[in-house]
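Throughout, a chain's letter reflects where its sequence line sits, starting with A, and its residues are numbered from 1. Here the structure is a predicted model, which means the values were calculated and not measured. These values consider heavy atoms only, across backbone and side chains, with no hydrogens, waters or symmetry-generated copies.
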Protein chains: 2
Amino acid sequence: MVTIKDVARDAEVSVGTVSNVLNGGRVSAGKRAKVEASIQKLGYQVNTLARGLKTQKTDYVVVILPNLSNPFFSLILQQLERSLAGHGKQIVLCLSDGDKEKERRFISLARRNKIDGIIGITYSNIDEYLDDSMAFVSIDRHFHNGIHLVSSNNFEGGRLAASILHQNGSRQLLSFQTLSSLNTEVRKRQQGFEAFCIEKGLSYSSMTFSEDQVKSVYSSFDSRELISRALKLYLTDVAGRPKVDGIFASSDHLAVVICQEIQKTGLRIPEDVQVIGFDGLRTLNQGDPLVSSIEQPVQAIADTAVDMLLRLLQQQPVANVNDLPVRFIEGWSTRPRPAPGPDQVCGDSGEPNRAAGCSVPGEKTQKAPPRSAV
Amino acid sequence: MVTIKDVARDAEVSVGTVSNVLNGGRVSAGKRAKVEASIQKLGYQVNTLARGLKTQKTDYVVVILPNLSNPFFSLILQQLERSLAGHGKQIVLCLSDGDKEKERRFISLARRNKIDGIIGITYSNIDEYLDDSMAFVSIDRHFHNGIHLVSSNNFEGGRLAASILHQNGSRQLLSFQTLSSLNTEVRKRQQGFEAFCIEKGLSYSSMTFSEDQVKSVYSSFDSRELISRALKLYLTDVAGRPKVDGIFASSDHLAVVICQEIQKTGLRIPEDVQVIGFDGLRTLNQGDPLVSSIEQPVQAIADTAVDMLLRLLQQQPVANVNDLPVRFIEGWSTRPRPAPGPDQVCGDSGEPNRAAGCSVPGEKTQKAPPRSAV
DNA sequence: CTGAAAGCGCTAACAA
DNA sequence: TTGTTAGCGCTTTCAG
C-alpha cells in the first residue's frame, strides 16, 4: 500500500507538506505541484481509517429504517442517499424491523464506529441511548423534545383529505389508519381529519390499528383479511346501502388494499365510495391512473433532514420542521373535481346528513373489531 | 472517551491483556473477569477505527445498486442487509443511477475506506478498477470471466415463460425486454424464450430497448408512450385481429405497463393476449391477483451473494452461480391452468381459442371505470 | 499467561 | 512555508 510517507519521499518533501496539500494547507506552488505529481504517479489514496482515528470523525451517516418493503421508506432512502452523497457523506444502512433492541444496537454501533450522525425513522425512543456526541434527526416520528424532527404537515394532510372528500360530495367519512404507538406525528393526520369534520359538523368515524396488527400489510397479504372484515362493519347497512361514502387511509398501500376490498363487495369507486390515501408515491401507484392521495414531499423531507444533520454536526442551532407542504393528487378513486376557479364555491350546501344514526361523530374504534363479529 | 488504556488501568492489567480478552486470546479466568468488570463499569466500547487501522479491515461491505425505484433492487437490498447483518457486516449504500463514473468513484471510495468487499448490480465493467485486494460479487450482471457472479436461471426463466404461454394456447409470441448493453445475464431470458419457440417451431418476435431509452419506466411514466407505440406495431393487423397473443416482458413493472396499454386498445387480457412478467415481486404487484410472472428467488440470490463474498474474503475458492431456480407464479394476466395432474396432459389440443364471454376468473378491472360514468 | 513496546497512516502542533 | 514529531486507540509480536 502506498502511504503518505511514500509520497513524501518521492516528492522530496516532508509528510507534513503532503498532508497540507491533501487538506488545503498553505504550500508553495512548486512543492504542491511536485506532491500532486507524486500522488498521481504512485496512485496514492488517503487511508480514511487513519484519518478518522486522528480526527475522530468519518464521513458516514447511519440511516435507520424499519424496512424497505414499504415504498415510502425506499424512496426516502434513495433521496437521502442522493442528498448525502452531494455532501460527501456515505450511508450505513440499518434496517430495524421496528425492533427496539436492533435500533439500540445500531446506535451503539454508530458510536463504536465514530459515525458522524444518524437519520432515522424509528419506533423506539432512541434518545435514551443518545448523548451529545451523537447527532440525530428523526423523520416522521416525534417522541419528545430532545429530538430533532422533520416531517411533512401531517395535520394539514389529514385536513385536506377530509376537505376533498367533503367537497366531492362525501358526507359519511371514515378514517382508517395504522399507527405505531410511539408515533405522535403521523397521528396528526387523524387529528387534522377530525378537525375538519368537527368544524363542518360532519359525521365521521375512525379505525386505528396498531402497526403490529397490520405490519404485514407491507410484506404480505395476511392482514388483508383483517382489513376486509373491519371494512365490512362500516361499509353498508343491512339494506345494503353505503353507510360510509368517503374513506381516508393513512397510506397509499392501505388505500389500494381498501379499494380492492371495497370493489369485492360490489360497491363502486368513486361513485359509491371515494378513497384517498397518503404518501402520493408514483412508484407505489403502479396503476394508471393512480389512487387519489395526499402527497408527501419526499425530496424536501430528505433534503431537510440532511440539512439539519449537517448543521447539528457543526454545532449550529436547528429548529424542528414539521410543516413541509403536502398536496392532493387527484387519482381514480375520487370523483373528478372542477378546475379550480378563481373564486371557488365550496360544496357546503347545507344538505342534511341522511344516513341516520350509524356513525356517531367522534366514534372511535381503537382496536380491531372482535374477529368473531365477522 | 474511555479507551483500552483506561480499562487496563482500572483492571490493573496491561493493555495487551485487555486486548486479549477483547479478541478471544488466552487470558486467565481471574484477569478476564476483572477486565470484563471494568469494561462494564466504564462503559468501554472498542474504537473500530483504531482497530481497522491496525488490521486494515472493517466490517463494511459496499453495496452498489442503480437505484431504489425498481422494487427488485429494494428487495435485493433488504435481503442483503438481513443476510450481512447476520454476519456482523454493515452495508455502505451506493446508488449509481447506472452511471459508470459514479460506480468507479464508489470503488475508489471502498478502497480508501478499507471496505472489506463489494456486492453490486452494476452497469459498467467495473473489474477494470478492481484488483485482487478487493472482493467483488456481481448480481445479475455478468461481464467477463474475472468477475464472480450470482443470478437466477434466466435462461430457464425465459424458456418457462414461453412454455407457459404456449401451453395456455398462445401461438404468436412476443418478447419485450429492456436491457443494459453490458448485461449478458438478463439477455439469457430472451435466449431461453427463443430457444423454446424454435424448438416448438412457434412464430415469435422480440423487441429490445436499451435501458437508457426506457430508464424512466422505473421513475416516471415518460417511457409509457414509447412502449405504447411499440406495442401497437405488433398487437393487431389491419383487420383489428390480434397479431400477437402472448407476451413475455422482462420485468413485472414493464408487464404492468404493457397490460395497461393493451387494455387501452380494447383487447382483453388474458382472453385475447396473455402476459407474463419477470421478477415475481409481491410488493410490486399491488394488484390482487397479481400479474403472472416468473419469480426470481430474491432471498436465495442475496444469501448466495453474501456467502460468496464471505468466502472470497477468506481467500477460499468460489464458483459462479447462475442457476438459482425460478418458478412461474400464476396471476390474472394468463389463462387459468389446470391443476398439475400426476401425468399432465398439455393444453396443446388445437382447441380454438374462443375465450367465450367474460366468465374467466382472471377477469379484472385494472383501471378505474370511465369517469363520465358517474 | 502477561506486559512492554513497536507501529498501523495520518493530522496538527510546534519549531525552524 | 516547511520539517519534525507526538500521538489517535488498537493489535501484535516478543520477552519475561
**Study point:** Atom pair distance, as rounded to whole Å: CZ in A:R112 and C1' in D:dG9
**Key:** 15 Å
Point to revise | Neighbour count above 12 (heavy atom, 6.0 Å) for B:Q40 CD | key: no
Study note, to complete from the structure: Looking only at C:dC10, C:dG3, C:dC8, the nucleotide nearest the B:Q56 side chain is C:dC8
Practice item. Would you kindly give the CD-to-C1' distance between A:Q45 and C:dG9, to the nearest whole Å? Key: 14 Å
Exercise for review: Give a yes/no on whether any side-chain N or O of A:K31 is located under 4.0 angstrom from OP1 or OP2 of D:dG3.
Suggested key: yes
Check your understanding: At under 4.0 Å, does any side-chain N or O of B:S28 touch on OP1 or OP2 of C:dT2?
Key -> yes
Review point. Rounded to whole angstrom units, what separation is found between the NZ atom of B:K5 and the P atom of C:dA5?
Key: 12 Å
Study note, to complete from the structure: Rounded to whole Å, CG of B:L49 lies from P of C:dT11 at a distance of 13 Å
Review point. Base, sugar-phosphate, or nothing for B:S19, non-hydrogen atoms under 4.0 angstrom?
Key: base
Check your understanding: Do B:I76 and B:V298 touch side chain to side chain, with heavy atoms closer than 4.5 Å?
Key -> yes
Exercise for review: Select from A:T48 and B:A29 the residue whose nearest nucleotide in DNA chain C is closer to the 5' end of that strand.
Suggested key: B:A29
Check your understanding: Between B:N23 (side chain) and B:S19 (backbone), is there a donor-acceptor pair under 3.5 Å?
Key -> yes
Review point. Considering only C:dT11, D:dG9, C:dG3, which nucleotide approaches the side chain of B:T17 most closely?
Key: C:dG3
Review point. Between D:dG9, C:dC1, C:dC10, which nucleotide has the shortest distance from any of its atoms to the side chain of B:R26?
Key: C:dC1
Check your understanding: So, B:D99 side chain and B:E101 main chain: donor-acceptor pair closer than 3.5 Å or not?
Key -> yes
Check your understanding: Ignoring hydrogens and angles, does a donor from either the side chain of B:K54 or the base of C:dG7 sit under 3.5 Å from an acceptor on the other?
Key -> yes
Point to revise | Nearest to side-chain heavy atoms of A:I4, which nucleotide of D:dG9, C:dT11, D:dT11 | key: C:dT11
Practice item. Give a yes/no on whether any side-chain N or O of B:S14 is located under 4.0 angstrom from OP1 or OP2 of C:dG3. Key: yes
Review point. For A:R9 and D:dT2, what is the distance between atoms CZ and P respectively, to the nearest whole Å?
Key: 20 Å
Check your understanding: For the pair made of CZ in A:R32 and C1' in D:dT2, what is the distance, rounded to whole Å?
Key -> 13 Å
Check your understanding: Looking only at side-chain N and O atoms, does B:N23 come under 4.0 Å of OP1 or OP2 in D:dT11?
Key -> yes
Practice item. Would you kindly give the CD1-to-C1' distance between A:I39 and C:dG9, to the nearest whole Å? Key: 14 Å
**Study point:** Among D:dC10, C:dG9, D:dT11, the nucleotide that comes nearest once only the side chain of A:M1 is considered
**Key:** C:dG9
Check your understanding: Quick one: are B:L77 and A:L93 in side-chain contact, heavy atoms under 4.5 Å?
Key -> yes
Check your understanding: Are any non-hydrogen side-chain atoms of B:I121 and B:F73 less than 4.5 angstrom apart?
Key -> yes
Revision key, fill the gap. Considering only heavy side-chain atoms of B:L53, the closest of C:dC10, C:dC8, D:dT2 is C:dC8
**Study point:** Value in whole Å for how far the P atom of D:dG9 lies from CG of B:N20
**Key:** 20 Å
Check your understanding: Using a cut-off of 4.0 Å on non-hydrogen atoms, how would the nucleic acid contact of A:V15 be classed: base, sugar-phosphate, or nothing?
Key -> base
